[in-house]
Amino acid sequence: MAEESMTGRDDEQVVNPWEVTAKDGGKIDYDKLIEKFGCQRLEESLVQRVERLTGRPAHVFLRRGVFFAHRDFNEILDVYERGEKFFLYTGRGPSSEALHLGHLVPFMFTKYLQDAFKVPLVIQLTDDEKCMWKNLTVEESKRLARENAKDIIACGFDITRTFIFSDFSYVGGAFYENMVKVAKCVTFNKVVGIFGFTNEDHIGKISFPPVQAVPSFPSSFPHIFSGKDNLRCLIPCAIDQDPYFRMTRDVAPRIGYQKPALIESSFFPALQGETGKMSASDPNSAIYVTDSSKDIKNKVNKYAFSGGQDSIENHRKYGANLEVDIPVKYLSFFLEDDAKLDHIKKEYGAGRMLTGEVKKCLIEVLSEMVERHCKARALVTDEVVDAFMAVRPLPYMFS
Amino acid sequence: MGYTKDQLLARLKELQIDFLCYDHPPVLTVEAQAKEVGHLGGALSKNLLLKDKKQRFYVVSALADTNVDLKVLSQRLGLGKGGLRMAPEEALQELLQVPLGCVTPFALINDSASCVSLLLDQGFKASPSCYFHPLTNEVTISLNASSLDKFLVSIGRQPSYVDLEANPVVGKDNPPDLADLVPSGVTTPSDTIANTVTSAPTEKVVEKDVLPAKKSVNHPASGDAKSRAVLPKKVDKVQRSIDPLAEATDIEKLVKEILNKTSTALLTEVTKELNDTQIRPSVVDVASRRVSSDLEHMIMSLKNAAYTQGFHAGLQTTLRPNLSSQK
């Protein structure tokens, strides 16, 4: 079947759920990505509309363009404005115990969406996926799922409107029925085209995509959404997950379901720079939620790629290169105060502020964040995880 | 799932509330109702379902000849000038679960109306019999204000009588006198309020309730997340122990921490303020902004912990029924 390959793999950058590489060791071209994937830019007007509808300032990630692309987000806002509801769906592949700040980004944003719109949320932990792709044992992937759940919960989700589930525990019943419905609509050729599977890939991988697709449908969760078959779904995720949901959106109308909407984020840069790779094997490539303030200080000072000039004289003369400077990039993610960030960018870009000062600011911001996360994490016991993961109704999910 | 007329009347009888009941063909307006029961001498009511810009709803029940000026009412509720409008038809079904032409204080018996605020014309107090629809517009019941109060109290509401024709000045030194009646959360009955002032009415509202276009649903007011620290409403005293959940639900400790952080942040900002040359926003604002993220996280942890404790308690109860206090 002659079909344009949507794996995002051309001679240039590669963006799919299992691989993200820029062209020639450069930066990811997001405009090209949007064009290739066929999603929409998140315009400023939408951000303002969100502020109006929710009656509060938009989240930092929206203001700074971290979440920059979407599919049908405007429709979700229409639905909300009419007084109808929607639900949120996001997830994580629990491949490692250590979570870094980049992992938290979609969850921080999802928490904001939950609080701002007062809607329920389902969080999928794809332990089966990691078991298959990372060749973990079933027990290990289940264990990692629970451990990751604790960090996710520590982001501040509201237990009265959040359901967390792991595939190994939850797949079955209505969820599985939907998986079969979806699977029937996607040919082998199609998944090869979308995900780049080959004849050598085992059948577990090839049959996995429906698992990530069906949480977009309310009927997959009869204990929560029974009778609400038309409830719309909004999926906040990183843009590399787009292929799953392109497939889902294609299938949905054919099985009588609503298409899920998406709101997508760009990638969180590694400490060593956009071109560097964040990898679990290199602890210095990212700030982990288990890092102490000392670790953070050390990592930022030593490894955060600076856009400053090589000497103070040059720096005062030419200013910093804000395009590649990691501390400024990180601050644009995590420094809430718009005025303060603008000030830093201005002064640093002009060479009046030195790298050390910018790094100091970043260390402060990150330390506070990580400390707060740690405190919250300590309060997430196994009982709390059990409660979040219990198959229970959520009677106050819209209040 | 809404209550029926028969269920309502049965409830009134249970509560030993005196009322009289008149059947007639369905009526959609006060005029039509007047034709059916007006000659009996009681006070007809006109009932409006209103909504504000933040999706909060109000039933305003007034004597038929009281002038209800929505603009004045809006200001008195603290909603600004034009903050109140007639609610759309769908809200009737969804919240009050009554048909068109049937808005009535009695609709508040439904759980779906729990967040709807009720304003009653103080003129009802003066009349020995007031006419309302008992969830259908084919019947009118007549009862006095204290009987109505008895009913309202039985469903957990505090009756609020208001001089609906009053037109007090609302401004900096005169806060909106009906602000208490704005629904604040999920299930808050309006507080009792007494007030009077002079007046000058304008708008006459003819129809009994509501009509057009937009669909709208119950959206209880969303508070500002970033404003002052919000103390949890429930105050449970919990035993101290090494269990982290118990620590999280330790309110005294939480409050101490809140105050501690707030004052430390305040002091730091004040000191900085004195040394810094740049203009800064008010110290308290900055300080509370610094603290609010932490506080929110803490309180969310509290909420989750409390829920978890309850959840497991519930689980235990169902797993070991012979130990529970049932029967």
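Just so we're on the same page: letters track the sequence lines, and every chain starts at 1. All values reported here derive from a predicted model rather than from experimental measurement.
- No side-chain heavy atom of A:His59 sits under 4.5 Å from any side-chain heavy atom of A:Phe67.
- Ranking A:Asp115, A:Thr162, A:Thr160 against chain B, the residue ahead of the rest is A:Thr160, based on heavy-atom pairs under 4.5 Å.
- Listed by chain and residue number, A:Phe245 satisfy the ring pair (Phe, Tyr, Trp, His ring centres under 6.0 Å) test with A:Tyr89 (two or more places apart in sequence, or in another chain).
- By the ring pair (Phe, Tyr, Trp, His ring centres under 6.0 Å) test, A:His103 is found to be paired with A:His100, residues two or more places apart in sequence or in another chain being considered.
- With a 4.5 angstrom heavy-atom cutoff, A:Ala154 touches chain B only via backbone atoms.
- When heavy atoms are compared at a cutoff of 4.5 Å, A:Phe388 approaches chain B solely by way of its side chain, counted from C-beta outward.
- Around CD of B:Gln93, the count of heavy atoms belonging to other residues, nucleotides or ligands within 6.0 Å exceeds 12.
- Interface remark: A:Ala376 contributes backbone and side-chain atoms alike to the contact with chain B (heavy atom separation under 4.5 Å).
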